[in-house]
Amino acid sequence: MLENDSDLKAIALITSGGDSPGMNAAVRAVVRASVQNGLKVYAAYRGYQGIIDDDFVDLGTHSVSNIIQRGGTILKSARSSEFRTPEGREKAAVNLKKRDIDALVVIGGDGSFTGANIISEEHGINVVGIPATIDNDIIGTDETIGYDTALNTAMDAIDKIRDTADAHERMFLVEVMGRDAGFIALETSIAGGAELALLPEELTNVNEVKALLKNMLQEQKRSSLVVVAEGDETGGALKLAERIKDDFTKYDVKVCILGHIQRGGAPTARDRVLASRLGAAAVKVLLEGHSRIMVGIVNNSLKITPMRVAVSKKKNLDYALVQLAKLLR
Ligand code: ATP
């Protein structure tokens with residue numbers, strides 16, 4: 001084991017907020033990079049709630065064997081309302097300090113980073129964030145951990161739905177996750193060859209949607225598939241179906257909400273590699289003395305972004321891709 005030159009001796013690690021495939025690969029990378037640098041790693045179960053409840057486990061190199069390929073998170077994840085209170089954060093800080101933990105690594109989304117920033121400001125704990133959410137809605141990284149897997153899961157489902165849509169000459173409205181971000185909807189619509197993608201980032205005019213679909217169906221198309229982002233202002237696929245089905249009686253409008261299957265499953269190679277890079281990077285930047293930052297990969301290079309910046313802005317869709325989806329539909 002190497003000794004490091006920094007003052008860091010022990011870190012804590014949590015997975016927090018919504019789970020995403022690849023969190024385990026990030027846990028493994030943080031643990032192994034820490035051990036290689038002579039750091040002790042305490043992981044808390046169920047995110048911030050585990051720190052408050054003093055529910056820690058020591059992790060070593062072998063405790064993270066055989067997890068890189070698993071979805072979910074071996075540390076469990078949770079949303080902790082107690083951590084939103086100063087009293088809850090005080091309890092958490094006491095539990096960290098009694099173990100001489102100098103730094104906290106948070107694998108999660110923007111809400112988790114907001115919490116990390118606050119406990120750092122209040123109690124002087126060093127914090128680093130690793131962006132993991134299927135929504136891909138965090139600035140400072142081209143992709144978040146779990147996004148690629150969710151995208152591929154949604155694309156596989158769309159391929160299957162298209163087979164049955166085609167066989168029965170039906171119209172399918174497929175709702176995908178992403179909360180108020182349209183990344184999954186946009187890229188699955190391109191990858192799955194959908195007729196339309198309804199995105200939260202663009203105003204949806206239902207009359208225009210009807211007209212577009214009618215036009216397409218009058219041409220050679222005998223079935224159609226519309227990807228609807230869960231955060232689209234129409235209110236999602238079920239509500240949209242109610243509004244358009246009477247105009248398409250011939251096509252038997254069907255709704256399929258993909259839901260939580262997009263959260264699970266083995267991470268793709270790309271997510272495992274991203275998680276491995278970001279996990280190791282988090283340890284590196286802590287050893288270099290950084291705090292209140294998030295690590296990301298932009299244009300294939302490590303980028304660090306202050307947490308307060310990472311949580312203050314919404315990541316924009318690539319509008320060239322929006323145009324591409326329209327060109328190719
Ligand atoms: P996802 O994007 O997948 O939903 P997330 O990290 O944004 O993940 P949240 O539920 O928003 O998920 O946040 C996770 C946890 O972070 C919360 O349950 C809470 O404990 C903590 N947290 C979020 N916002 C704050 C805040 N303003 N103050 C203190 N803690 C917070």
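Every heavy atom of this structure was used, including side-chain atoms; hydrogens, water molecules and symmetry mates were not. One-based numbering, in listed order, for ligands and for the atoms of each.
The pair D19-R263 meets the salt-bridge criterion, since a charged nitrogen lies less than 4.0 angstrom from a carboxylate oxygen. Salt-bridge check for E87 with K91: failed, with every basic side-chain N at 4.0 Å or more from each acidic carboxylate O. With respect to the salt-bridge test (charged N to carboxylate O, under 4.0 angstrom), the residues D53 and R46 do not qualify.
From the protein, the heavy atom lying nearest to atom 15 (C) of ligand 1 is S16 OG, 3.8 Å. Of all protein heavy atoms, the one lying nearest to atom 11 (O) of ligand 1 is G111 CA, 3.4 Å. With hydrogens left out, the protein atom closest to atom 18 (O) of ligand 1 is S80 N, 2.7 Å, a heavy atom. For atom 31 (C) of ligand 1, the closest non-hydrogen atom on the protein side is G115 CA, 3.8 Å. Protein heavy atom at the shortest distance from atom 14 (C) of ligand 1 is S112 OG, 3.4 Å. Looking only at heavy atoms of the protein, atom 25 (C) of ligand 1 is closest to R84 NH1, 3.5 Å. Closest to atom 27 (N) of ligand 1, if we only count protein heavy atoms, is T114 CG2, 3.5 Å.
By the 4.0 Å heavy-atom criterion, R89 is counted among the residues contacting ligand 1. Using a 4.0 Å cutoff on heavy atoms, R179 counts as a contact of ligand 1.
Between A78 and ligand 1, no pair of N/O atoms sits closer than 3.5 Å. Where the criterion is an N or O separation shorter than 3.5 Å, residue side chain and backbone included, G18 meets it with respect to ligand 1. Polar contact with ligand 1: absent for Y48 (N/O pair, distance under 3.5 Å). Taking any N or O of R79, backbone or side chain, at least one lies under 3.5 Å from an N or O belonging to ligand 1. Inclusion of D110 in the set of residues having an N or O under 3.5 Å from an N or O of ligand 1 is warranted. For a threshold of 3.5 Å applied to N or O pairs, the pair formed by G108 and ligand 1 contains no separation below that value.
Side chain of S312 to backbone of V309: a donor-acceptor contact under 3.5 angstrom is found.
One finds the CE atom of M155 at 12.5 Å from the CG atom of L258 (value rounded to the nearest 0.5 Å).
In the model, T204 has a side-chain atom that pairs as donor or acceptor with a side-chain atom of D232 under 3.5 Å. For the residue pair S80 / R89, no side-chain donor-acceptor distance below 3.5 Å is found, with atom types taken as modelled.
Residues M171 and E195 have side chains not in contact (no heavy-atom distance under 4.5 Å, counting atoms from C-beta outward). For the pair F248/K214, a side-chain contact is recorded, criterion being any heavy-atom separation below 4.5 Å from C-beta on.
Ring orientation note: the planes of F183 and Y147 are nearly perpendicular, at an angle over 60° on the 30°/60° scale.
Counting heavy atoms under 4.0 Å from ligand 1, residue I118 touches it through the side chain alone.
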